[in-house]
Amino acid sequence: MSLPPSETGPDEPVAAAAEESFSVGFAIGGGSPGSDSFLTVAVALGANLVIAVAKTAAALITRSASLTAEAAHSWADTGNEVFLIVANRRAARPPDRGHPLGHGREAYVWSLFAAVGLFVAGGAFSITHGVGQLRSPTPADDFLLGYAVLALSFLLEGLSFRQSVRQARADATVMERDLIEHVLATSDPALRAVFAEDAAALLGLLLATAGLAAHQLTGSPMPDAIGSILVGVLLVVVAALLINRNRRFLVGEEADPRVRAAVLRSLLAMPEVDRVTYLRLEVVGPRMISVVGDVDLAGDDIESHVAVRLRALEARVSSSPAVAGTVLSLSAPDEPSLAP
(Lines give C-alpha, C1' and ligand atoms only; values in the text may rest on other atoms or scores of the structure.)
Protein backbone atom coordinates (compact mmCIF):
# COMPACT_ATOMS: atom_id res chain seq x y z
CA MET A 1 0.00 0.00 0.00
CA SER A 2 1.31 3.48 -0.76
CA LEU A 3 0.32 6.98 0.14
CA PRO A 4 0.74 9.37 -2.81
CA PRO A 5 2.34 12.82 -2.52
CA SER A 6 0.07 15.16 -0.58
CA GLU A 7 0.26 16.77 2.83
CA THR A 8 -0.51 16.03 6.43
CA GLY A 9 -1.83 19.35 7.65
CA PRO A 10 -2.85 21.91 5.07
CA ASP A 11 0.77 21.98 4.01
CA GLU A 12 3.00 18.93 4.29
CA PRO A 13 3.66 16.31 1.61
CA VAL A 14 2.74 12.68 2.14
CA ALA A 15 5.38 10.21 1.04
CA ALA A 16 5.15 6.60 -0.04
CA ALA A 17 4.19 4.21 2.70
CA ALA A 18 5.45 0.76 3.30
CA GLU A 19 3.31 -2.16 2.16
CA GLU A 20 2.57 -3.25 5.72
CA SER A 21 2.10 0.15 7.40
CA PHE A 22 0.27 3.41 7.06
CA SER A 23 3.34 5.61 6.94
CA VAL A 24 3.53 9.34 6.30
CA GLY A 25 6.84 11.06 5.64
CA PHE A 26 7.87 14.65 5.10
CA ALA A 27 9.73 16.16 2.17
CA ILE A 28 11.71 18.28 4.60
CA GLY A 29 15.37 17.54 5.02
CA GLY A 30 17.27 17.37 8.23
CA GLY A 31 15.79 15.02 10.77
CA SER A 32 12.54 15.79 12.51
CA PRO A 33 9.71 17.58 10.68
CA GLY A 34 10.23 20.68 12.81
CA SER A 35 14.01 20.97 12.37
CA ASP A 36 13.83 23.36 9.42
CA SER A 37 11.28 25.52 11.23
CA PHE A 38 13.56 25.74 14.26
CA LEU A 39 16.48 26.80 12.05
CA THR A 40 14.31 29.41 10.34
CA VAL A 41 13.22 30.86 13.70
CA ALA A 42 16.77 30.76 15.11
CA VAL A 43 18.17 32.66 12.11
CA ALA A 44 15.39 35.25 12.43
CA LEU A 45 15.99 35.63 16.18
CA GLY A 46 19.71 36.29 15.74
CA ALA A 47 19.17 38.74 12.90
CA ASN A 48 16.38 40.65 14.65
CA LEU A 49 18.33 40.98 17.90
CA VAL A 50 21.31 42.58 16.15
CA ILE A 51 19.01 44.78 14.07
CA ALA A 52 16.96 45.90 17.10
CA VAL A 53 20.06 47.04 18.99
CA ALA A 54 21.44 48.90 15.94
CA LYS A 55 18.12 50.58 15.16
CA THR A 56 17.60 51.65 18.76
CA ALA A 57 21.02 53.28 18.91
CA ALA A 58 20.45 55.01 15.57
CA ALA A 59 16.96 56.18 16.58
CA LEU A 60 18.32 57.75 19.78
CA ILE A 61 21.09 59.54 17.88
CA THR A 62 19.14 60.65 14.81
CA ARG A 63 15.77 61.21 16.55
CA SER A 64 14.09 59.92 13.41
CA ALA A 65 10.45 58.89 13.83
CA SER A 66 10.75 56.22 11.11
CA LEU A 67 13.84 54.72 12.73
CA THR A 68 12.11 54.71 16.10
CA ALA A 69 9.19 52.83 14.56
CA GLU A 70 11.59 50.38 12.95
CA ALA A 71 13.37 49.85 16.29
CA ALA A 72 10.04 49.01 17.92
CA HIS A 73 9.29 46.70 14.99
CA SER A 74 12.56 44.80 15.43
CA TRP A 75 12.17 44.45 19.20
CA ALA A 76 8.66 43.11 18.64
CA ASP A 77 10.00 40.63 16.08
CA THR A 78 12.77 39.55 18.48
CA GLY A 79 10.23 38.86 21.23
CA ASN A 80 8.06 37.02 18.73
CA GLU A 81 10.87 34.65 17.78
CA VAL A 82 11.19 33.71 21.46
CA PHE A 83 7.46 32.91 21.50
CA LEU A 84 7.91 30.80 18.35
CA ILE A 85 10.77 28.82 19.88
CA VAL A 86 8.57 28.12 22.91
CA ALA A 87 5.76 27.15 20.52
CA ASN A 88 7.97 24.61 18.73
CA ARG A 89 9.20 23.06 21.96
CA ARG A 90 5.83 22.79 23.68
CA ALA A 91 4.06 21.49 20.59
CA ALA A 92 6.65 18.72 20.23
CA ARG A 93 5.86 17.19 23.65
CA PRO A 94 4.55 13.60 23.38
CA PRO A 95 0.92 12.68 24.09
CA ASP A 96 -0.11 11.94 27.66
CA ARG A 97 -3.27 10.84 29.45
CA GLY A 98 -4.65 14.37 29.55
CA HIS A 99 -3.67 15.10 25.93
CA PRO A 100 -4.12 11.91 23.89
CA LEU A 101 -3.71 13.81 20.61
CA GLY A 102 -0.51 15.48 21.79
CA HIS A 103 0.22 19.14 22.42
CA GLY A 104 0.42 20.29 18.80
CA ARG A 105 -2.16 23.05 19.16
CA GLU A 106 0.10 24.81 21.68
CA ALA A 107 2.06 25.97 18.64
CA TYR A 108 -0.93 28.08 17.60
CA VAL A 109 -1.44 29.46 21.12
CA TRP A 110 2.12 30.76 21.42
CA SER A 111 2.14 31.93 17.81
CA LEU A 112 -1.05 33.83 18.57
CA PHE A 113 0.73 35.54 21.49
CA ALA A 114 3.53 36.48 19.09
CA ALA A 115 1.07 37.95 16.59
CA VAL A 116 -0.66 40.00 19.31
CA GLY A 117 2.78 41.23 20.43
CA LEU A 118 3.54 42.34 16.88
CA PHE A 119 0.20 44.16 16.79
CA VAL A 120 0.73 46.01 20.08
CA ALA A 121 4.50 46.46 20.45
CA GLY A 122 5.10 47.00 16.75
CA GLY A 123 2.02 48.33 15.01
CA ALA A 124 0.24 50.30 17.71
CA PHE A 125 3.45 51.85 19.03
CA SER A 126 4.63 52.92 15.58
CA ILE A 127 1.31 54.53 14.72
CA THR A 128 1.06 56.29 18.09
CA HIS A 129 4.62 57.55 17.84
CA GLY A 130 4.06 58.80 14.30
CA VAL A 131 0.90 60.65 15.26
CA GLY A 132 2.74 62.21 18.19
CA GLN A 133 5.49 63.39 15.84
CA LEU A 134 2.92 64.96 13.54
CA ARG A 135 1.56 66.95 16.47
CA SER A 136 4.96 67.87 17.92
CA PRO A 137 7.59 67.41 15.20
CA THR A 138 11.19 66.74 16.21
CA PRO A 139 13.85 67.42 13.53
CA ALA A 140 16.25 64.56 12.85
CA ASP A 141 19.99 64.73 12.23
CA ASP A 142 22.92 62.37 11.50
CA PHE A 143 21.08 61.09 8.43
CA LEU A 144 24.12 59.17 7.18
CA LEU A 145 24.10 57.02 10.33
CA GLY A 146 20.41 56.34 9.81
CA TYR A 147 20.97 55.22 6.22
CA ALA A 148 23.87 52.98 7.26
CA VAL A 149 21.79 51.23 9.93
CA LEU A 150 18.85 50.81 7.54
CA ALA A 151 21.16 49.31 4.92
CA LEU A 152 22.67 46.88 7.46
CA SER A 153 19.18 45.96 8.64
CA PHE A 154 18.07 45.30 5.06
CA LEU A 155 21.04 42.96 4.56
CA LEU A 156 20.39 40.98 7.75
CA GLU A 157 16.64 40.84 7.21
CA GLY A 158 17.30 39.64 3.68
CA LEU A 159 19.41 36.75 4.99
CA SER A 160 16.65 35.75 7.41
CA PHE A 161 14.01 36.08 4.69
CA ARG A 162 16.07 33.90 2.35
CA GLN A 163 16.04 31.08 4.92
CA SER A 164 12.25 31.26 5.33
CA VAL A 165 11.77 31.40 1.55
CA ARG A 166 14.05 28.39 1.10
CA GLN A 167 11.98 26.30 3.51
CA ALA A 168 8.63 27.48 2.18
CA ARG A 169 9.61 26.99 -1.47
CA ALA A 170 10.79 23.42 -0.88
CA ASP A 171 7.44 22.48 0.67
CA ALA A 172 5.41 24.49 -1.87
CA THR A 173 7.12 22.77 -4.81
CA VAL A 174 6.17 19.32 -3.54
CA MET A 175 2.62 20.53 -2.89
CA GLU A 176 2.40 22.11 -6.37
CA ARG A 177 1.49 25.45 -4.85
CA ASP A 178 2.88 28.89 -5.40
CA LEU A 179 4.95 30.32 -2.57
CA ILE A 180 2.40 32.75 -1.10
CA GLU A 181 -0.43 30.22 -1.28
CA HIS A 182 1.64 27.73 0.66
CA VAL A 183 2.69 30.24 3.34
CA LEU A 184 -0.95 31.17 3.93
CA ALA A 185 -2.11 27.55 4.01
CA THR A 186 0.67 25.85 5.96
CA SER A 187 -0.08 24.28 9.32
CA ASP A 188 3.40 25.37 10.49
CA PRO A 189 2.79 28.70 12.28
CA ALA A 190 6.50 29.35 12.82
CA LEU A 191 7.25 29.29 9.09
CA ARG A 192 4.29 31.55 8.32
CA ALA A 193 5.18 34.01 11.09
CA VAL A 194 8.86 34.34 10.17
CA PHE A 195 8.10 34.64 6.45
CA ALA A 196 5.44 37.31 7.03
CA GLU A 197 7.50 39.24 9.59
CA ASP A 198 10.62 39.24 7.41
CA ALA A 199 8.66 40.33 4.34
CA ALA A 200 7.04 43.11 6.38
CA ALA A 201 10.44 44.08 7.78
CA LEU A 202 11.95 44.52 4.32
CA LEU A 203 8.99 46.60 3.17
CA GLY A 204 9.08 48.59 6.42
CA LEU A 205 12.76 49.38 5.88
CA LEU A 206 11.95 50.80 2.46
CA LEU A 207 9.20 52.95 3.99
CA ALA A 208 11.52 54.15 6.76
CA THR A 209 14.26 54.98 4.25
CA ALA A 210 11.80 56.94 2.11
CA GLY A 211 10.55 58.84 5.16
CA LEU A 212 14.06 59.66 6.34
CA ALA A 213 15.16 60.74 2.86
CA ALA A 214 12.10 62.96 2.45
CA HIS A 215 12.85 64.51 5.84
CA GLN A 216 16.41 65.28 4.77
CA LEU A 217 15.41 66.66 1.36
CA THR A 218 12.51 68.83 2.54
CA GLY A 219 13.81 69.76 5.98
CA SER A 220 10.38 68.86 7.35
CA PRO A 221 9.94 66.06 9.91
CA MET A 222 6.41 65.39 8.60
CA PRO A 223 7.39 62.72 6.00
CA ASP A 224 9.43 60.95 8.67
CA ALA A 225 6.40 60.86 10.96
CA ILE A 226 4.21 59.61 8.13
CA GLY A 227 6.79 56.87 7.51
CA SER A 228 6.40 55.79 11.14
CA ILE A 229 2.63 55.62 10.73
CA LEU A 230 2.90 53.61 7.50
CA VAL A 231 5.26 51.13 9.17
CA GLY A 232 2.72 50.75 11.98
CA VAL A 233 -0.16 50.18 9.56
CA LEU A 234 1.89 47.53 7.75
CA LEU A 235 2.57 45.70 11.02
CA VAL A 236 -1.09 45.86 12.06
CA VAL A 237 -2.14 44.26 8.76
CA VAL A 238 0.46 41.47 9.06
CA ALA A 239 -0.43 40.87 12.73
CA ALA A 240 -4.15 40.66 11.89
CA LEU A 241 -3.43 38.06 9.21
CA LEU A 242 -1.34 35.95 11.59
CA ILE A 243 -3.90 36.25 14.39
CA ASN A 244 -6.67 35.07 12.08
CA ARG A 245 -4.72 32.06 10.78
CA ASN A 246 -3.78 30.91 14.30
CA ARG A 247 -7.38 31.41 15.45
CA ARG A 248 -8.66 29.18 12.67
CA PHE A 249 -6.28 26.35 13.57
CA LEU A 250 -7.13 26.67 17.26
CA VAL A 251 -10.87 26.32 16.73
CA GLY A 252 -10.36 23.37 14.38
CA GLU A 253 -9.33 23.33 10.74
CA GLU A 254 -9.98 20.43 8.41
CA ALA A 255 -7.00 19.18 6.44
CA ASP A 256 -6.46 20.18 2.85
CA PRO A 257 -8.67 18.30 0.32
CA ARG A 258 -5.53 16.75 -1.18
CA VAL A 259 -4.71 15.21 2.18
CA ARG A 260 -8.23 13.85 2.44
CA ALA A 261 -8.05 12.33 -1.04
CA ALA A 262 -4.65 10.74 -0.35
CA VAL A 263 -5.74 9.21 2.97
CA LEU A 264 -9.01 7.99 1.46
CA ARG A 265 -7.15 6.27 -1.37
CA SER A 266 -4.81 4.64 1.12
CA LEU A 267 -7.67 3.36 3.25
CA LEU A 268 -9.51 1.95 0.23
CA ALA A 269 -6.29 0.28 -0.91
CA MET A 270 -6.16 -1.78 2.27
CA PRO A 271 -7.36 -5.34 1.54
CA GLU A 272 -9.45 -5.42 4.72
CA VAL A 273 -11.43 -2.26 3.80
CA ASP A 274 -14.34 -2.51 1.33
CA ARG A 275 -15.83 0.96 1.81
CA VAL A 276 -15.09 4.26 3.52
CA THR A 277 -18.35 6.11 4.08
CA TYR A 278 -17.19 8.94 6.35
CA LEU A 279 -13.84 10.60 6.83
CA ARG A 280 -12.79 13.66 8.77
CA LEU A 281 -9.18 14.81 9.04
CA GLU A 282 -8.54 17.65 11.46
CA VAL A 283 -5.28 19.51 11.91
CA VAL A 284 -4.20 19.15 15.55
CA GLY A 285 -0.73 20.68 15.28
CA PRO A 286 2.05 21.46 12.84
CA ARG A 287 2.18 18.52 10.40
CA MET A 288 -0.24 16.56 12.58
CA ILE A 289 -3.78 15.36 11.89
CA SER A 290 -6.39 13.26 13.63
CA VAL A 291 -8.39 10.74 11.61
CA VAL A 292 -12.07 9.93 12.24
CA GLY A 293 -13.95 7.68 9.84
CA ASP A 294 -16.54 4.99 9.15
CA VAL A 295 -15.40 1.90 7.25
CA ASP A 296 -16.91 -1.36 6.02
CA LEU A 297 -14.55 -4.24 6.65
CA ALA A 298 -14.19 -7.07 4.16
CA GLY A 299 -15.70 -10.41 5.10
CA ASP A 300 -18.46 -11.29 7.54
CA ASP A 301 -16.84 -11.74 10.94
CA ILE A 302 -18.61 -12.00 14.26
CA GLU A 303 -18.82 -8.82 16.32
CA SER A 304 -15.89 -9.59 18.61
CA HIS A 305 -13.59 -10.28 15.66
CA VAL A 306 -14.72 -7.07 13.91
CA ALA A 307 -13.84 -5.01 17.00
CA VAL A 308 -10.33 -6.51 17.06
CA ARG A 309 -9.88 -5.81 13.34
CA LEU A 310 -11.03 -2.22 13.77
CA ARG A 311 -8.55 -1.64 16.58
CA ALA A 312 -5.78 -3.15 14.46
CA LEU A 313 -6.73 -0.90 11.55
CA GLU A 314 -6.68 2.16 13.83
CA ALA A 315 -3.25 1.18 15.06
CA ARG A 316 -1.93 0.92 11.49
CA VAL A 317 -3.21 4.36 10.57
CA SER A 318 -1.91 5.87 13.82
CA SER A 319 1.53 4.35 13.17
CA SER A 320 2.20 7.31 10.92
CA PRO A 321 4.17 10.04 12.75
CA ALA A 322 1.82 12.56 11.13
CA VAL A 323 -1.33 11.00 12.65
CA ALA A 324 -1.99 11.99 16.25
CA GLY A 325 -4.91 9.61 16.70
CA THR A 326 -7.42 7.48 14.79
CA VAL A 327 -11.03 6.58 15.59
CA LEU A 328 -12.84 4.24 13.18
CA SER A 329 -16.42 2.97 13.34
CA LEU A 330 -18.42 0.59 11.19
CA SER A 331 -20.40 1.87 8.21
CA ALA A 332 -24.12 1.26 7.88
CA PRO A 333 -25.03 -1.29 5.15
CA ASP A 334 -26.78 1.27 2.93
CA GLU A 335 -24.15 4.03 3.07
CA PRO A 336 -22.32 4.65 -0.21
CA SER A 337 -18.56 4.66 -0.30
CA LEU A 338 -16.70 7.97 -0.58
CA ALA A 339 -14.74 8.59 -3.77
CA PRO A 340 -11.14 9.92 -3.60
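Only this structure's heavy atoms are used, side chains among them; waters, hydrogens and symmetry mates stay out.
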Could you check whether any side-chain heavy atom of [X] comes within less than 4.5 Å of a side-chain heavy atom of [Y], counting everything from C-beta outward?
| X | Y | result |
| --- | --- | --- |
| D274 | L297 | no |
| M270 | V317 | yes |
| Y147 | Q216 | yes |
| F119 | V236 | yes |
| D296 | L330 | no |
| L134 | I226 | yes |
| L279 | V291 | yes |
| M222 | P137 | yes |

Closest approach of [X] to [Y] (non-hydrogen atoms, all atoms of both residues):
| X | Y | result |
| --- | --- | --- |
| S66 | D224 | OG-OD1, 2.6 Å |
| A200 | L234 | O-CD2, 3.3 Å |
| S187 | G285 | OG-O, 4.1 Å |
| P223 | T218 | CG-OG1, 4.1 Å |
| A239 | A115 | CB-O, 3.5 Å |
| P221 | T138 | CB-O, 3.8 Å |

Flag yes if [X] and [Y] sit in one hydrophobic cluster, no otherwise; membership is Ile, Leu, Val, Met, Phe, Trp, Tyr, and two members link when side-chain heavy atoms are under 4.5 Å apart.
| X | Y | answer |
| --- | --- | --- |
| F113 | L241 | yes |
| L202 | V149 | no |
| W75 | L205 | no |
| F195 | L206 | yes |
| V292 | M288 | no |

Checking [X] side chain against [Y] main chain: does a donor-acceptor pair fall under 3.5 Å?
| X | Y | answer |
| --- | --- | --- |
| R63 | A140 | no |
| S164 | F161 | yes |
| R93 | R90 | yes |

No-hydrogen, no-angle side-chain donor-acceptor test under 3.5 Å, T40 and Q167: yes
Between N80 and E197, is there a side-chain donor-acceptor contact under 3.5 Å, judged purely by atom types and distance? yes
To the closest 0.5 Å, what do you measure between [atom1] ([X]) and [atom2] ([Y])?
| X | Y | atom1 | atom2 | value |
| --- | --- | --- | --- | --- |
| R169 | R166 | CZ | CZ | 10.0 Å |
| D188 | N88 | CG | CG | 7.0 Å |
| I289 | R260 | CD1 | CZ | 11.5 Å |
| H182 | I180 | NE2 | CD1 | 11.0 Å |
| S64 | K55 | OG | NZ | 11.5 Å |
| W110 | R89 | CH2 | CZ | 13.0 Å |

Describe, in one word, how the ring planes of Y108 and F249 are oriented to each other, choosing from parallel (under 30°), tilted (30 to 60°) and perpendicular (over 60°). parallel
Would you call the rings of H103 and H99 parallel, tilted or perpendicular, where under 30° means parallel and over 60° means perpendicular? tilted
Worked check of side-chain contact (heavy atoms from CB on, under 4.5 Å) between L112 and L250: CA-CA 9 Å; L112 182 63; L250 279 172; 4.0 Å; yes
So that I can tick it off, tell me whether [Y] and [X] are bridged by a salt bridge, with the cut-off set at under 4.0 angstrom between side-chain N and carboxylate O.
| X | Y | value |
| --- | --- | --- |
| D294 | R280 | no |
| E272 | R316 | yes |
| R248 | E254 | no |
| E253 | R245 | yes |
| R275 | E335 | no |

The test is side-chain contact (heavy atoms from CB on, under 4.5 Å); show your working for V165 and R162 and say whether it passes. CA-CA 5 Å; V165 168; R162 185 176 67 173; 5.6 Å; no
May I have the step-by-step check of side chain to side chain donor-acceptor pair (under 3.5 Å) for S126 and S228, ending in yes or no? CA-CA 6 Å; S126 298; S228 176; 5.1 Å; no
Worked check of side-chain contact (heavy atoms from CB on, under 4.5 Å) between I243 and V116: CA-CA 7 Å; I243 289 170; V116 172; 4.0 Å; yes
Taking the six-membered ring for Trp, are H73 and F125 ring centroids under 6.0 Å apart? no
Starting from the C-alpha separation in whole Å, work towards a yes-or-no answer on side-chain contact (heavy atoms from CB on, under 4.5 Å) for L310 and H305. CA-CA 9 Å; L310 269 179; H305 289 177; over 6 Å; no
The criterion is salt bridge (charged side-chain N to carboxylate O under 4.0 Å, His left out); which residues satisfy it with D142, sequence neighbours excluded? none
Can you give each donor-acceptor pair under 3.5 Å made by side-chain atoms of residues 41-50, sequence neighbours left out, with the distance rounded to 0.1 Å?
| unit_1 | atom_1 | unit_2 | atom_2 | d |
| --- | --- | --- | --- | --- |
| N48 | ND2 | A44 | O | 3.0 |
| N48 | ND2 | E81 | OE2 | 3.3 |

